[in-house]
Novice: 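Here you go, one structure.
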Amino acid sequence: MTAFDTAHAFSGFSVDSIDAARAFYGDTLGMDVSENAMGFLDIRLPQGGSILVYGKPDHVPASYTILNFPVDDVEAAVDELNARGVVTKIYSDTDFDTDAKGIMHGGPDRGPDIAWFKDPAGNVLSVLAG
């Protein structure tokens, strides 16, 4: 195929407020966020690539994790997120076996250490051992 090109593929998700998303992803998480000509947000990733964030009046949060951040130390990342006002304990212990900080500790047949948190629109994100 020559017309189909995957070199500049990107992902996207919706939010209910562009302003709240800009503040959360740019200010709280420290990501490189800019507004494009259509009024959507472009999040540029340090390793290349981008994510499109668009406002949707009837936004419904995704029922799955939309964005994962691999980190060297999940506990340290959770401490930093909590210090920035981000809540990481978003599931009950009956949903996921998490500790007081919201970290589900991995192991054989369990996957990596992981903690989930939400953006202002209710979309779920995670930090996980990577």
Side-chain angles (χ1 to χ4, degrees):
M1 268 196 272
T2 58
F4 178 73
D5 183 3
T6 62
H8 301 288
F10 62 92
S11 183
F13 58 86
S14 70
V15 296
D16 55 0
S17 168
I18 288 291
D19 291 336
R22 181 186 305 105
F24 181 76
Y25 289 97
D27 300 335
T28 303
L29 298 185
M31 299 181 80
D32 183 2
V33 178
S34 62
E35 191 168 315
N36 67 24
M38 296 184 299
F40 300 154
L41 300 179
D42 288 319
I43 300 175
R44 285 179 297 289
L45 303 174
Q47 298 291 329
S50 65
I51 303 166
L52 177 71
V53 179
Y54 56 94
K56 186 175 177 199
D58 58 348
H59 166 76
V60 175
S63 60
Y64 51 87
T65 306
I66 63 160
L67 189 56
N68 298 284
F69 298 94
V71 297
D72 292 330
D73 184 337
V74 172
E75 185 142 354
V78 165
D79 288 344
E80 187 174 326
L81 287 166
N82 292 164
R84 295 178 185 189
V86 176
V87 175
T88 51
K89 178 86 172 165
I90 64 169
Y91 295 117
S92 72
D93 292 333
T94 57
D95 293 329
F96 291 101
D97 184 19
T98 59
D99 66 16
K101 293 182 181 181
I103 301 170
M104 185 178 80
H105 295 278
D109 300 321
R110 288 182 52 100
D113 289 358
I114 186 169
W116 295 272
F117 57 101
K118 294 182 180 181
D119 73 3
N123 294 312
V124 178
L125 299 89
S126 82
V127 288
L128 71 157

Novice: Under 4.5 Å between side-chain heavy atoms, hopping through other hydrophobics if needed: is there a path connecting Ile51 to Val127?
Specialist: yes
Novice: If you measure from NE2 on His59 to CG on Asp16, what distance do you get to the nearest 0.5 Å?
Specialist: 5.5 Å
Novice: Counting the benzene-type ring for Trp, do Tyr25 and Phe13 have ring centres under 6.0 Å apart?
Specialist: yes
Novice: With clusters defined by side-chain heavy atoms of hydrophobic residues (ILVMFWY) lying less than 4.5 Å apart, directly or transitively, does Tyr54 cluster with Phe10?
Specialist: yes
Novice: Please report the interatomic distance CZ(Phe117) to OG1(Thr28), rounded to the nearest 0.5 Å.
Specialist: 10.0 Å
Novice: Do Tyr64 and Val124 have side chains that approach each other closer than 4.5 Å (heavy atoms only, starting at C-beta)?
Specialist: no
Novice: Which heavy atom of Asp113 sits nearest to which heavy atom of Gly106, and what is that distance?
Specialist: OD1-N, 2.7 Å
Novice: Is there a donor-acceptor pair closer than 3.5 Å between any side-chain N or O of Lys89 and the backbone N or O of Asp99?
Specialist: yes
Novice: When rounded to the nearest 0.5 angstrom, what distance separates CZ in Arg110 from CZ in Phe96?
Specialist: 10.5 Å
Novice: Do Ile90 and Val78 sit in the same hydrophobic cluster, where Ile, Leu, Val, Met, Phe, Trp and Tyr count as joined when their side-chain heavy atoms come under 4.5 Å apart?
Specialist: no
Novice: Ignoring hydrogens, what is the shortest heavy-atom contact between Phe40 and Gly55? Give both atom names and the distance.
Specialist: CD2-N, 4.4 Å
Novice: Closest heavy-atom contact between Gly122 and Pro61?
Specialist: O-CB, 3.3 Å
Novice: For Pro70 and Gly130, which heavy atoms make the closest approach, and how far apart are they?
Specialist: CB-CA, 4.0 Å
Novice: Return yes when atom CG of Asp58 has more than 12 non-hydrogen atoms of other residues, nucleotides or ligands closer than 6.0 Å, and no otherwise.
Specialist: yes
Novice: Between Asn123 and Ser14 (side chain of the first, backbone of the second, donor and acceptor by atom type, cut-off under 3.5 Å), is there such a pair?
Specialist: yes
Novice: Using 0.5 Å steps for rounding, measure from the CG atom of Leu41 to the CG atom of Asn36.
Specialist: 7.5 Å
Novice: Go through Thr88 and Trp116 one step at a time and tell me if the side-chain contact (heavy atoms from CB on, under 4.5 Å) criterion holds.
Specialist: CA-CA 6 Å; Thr88 51; Trp116 295 272; over 6 Å; no
Novice: Would you name the heavy atoms of Ala76 and Asp73 that are closest together and state the gap between them?
Specialist: N-OD1, 3.0 Å
Novice: State whether the side chain of Asn68 and the backbone N or O of Ser126 hold a donor-acceptor pair below 3.5 Å, judged by distance alone.
Specialist: no
Novice: Does Leu125 share a hydrophobic cluster with Ile18, counting links as ILVMFWY side-chain heavy atoms below 4.5 Å and allowing steps through other members?
Specialist: yes
Novice: Report the distance from atom OG of Ser50 to atom CG of Leu45, rounding to the nearest 0.5 Å.
Specialist: 7.0 Å
Novice: Is there a side-chain contact (heavy atoms from CB on, under 4.5 Å) between Leu29 and Leu81? Walk through the geometry before answering.
Specialist: CA-CA 8 Å; Leu29 298 185; Leu81 287 166; 3.6 Å; yes
Novice: Quick one: pull up CG in Leu67 and CG in Asp119 and give me the separation to the nearest 0.5 Å.
Specialist: 9.0 Å
Novice: Are Val53 and Val33 co-members of a hydrophobic cluster defined by side-chain heavy atoms under 4.5 Å apart?
Specialist: yes
Novice: Check whether any side-chain heavy atom of Leu52 sits under 4.5 Å from a side-chain heavy atom of Asp42, and report yes or no.
Specialist: yes
Novice: Is a salt bridge present between Asp79 and Lys101, judged by a nitrogen-to-oxygen distance below 4.0 Å?
Specialist: yes
Novice: Indicate the atoms forming the closest heavy-atom contact of Ala20 with Ser17, along with that distance.
Specialist: N-OG, 3.1 Å
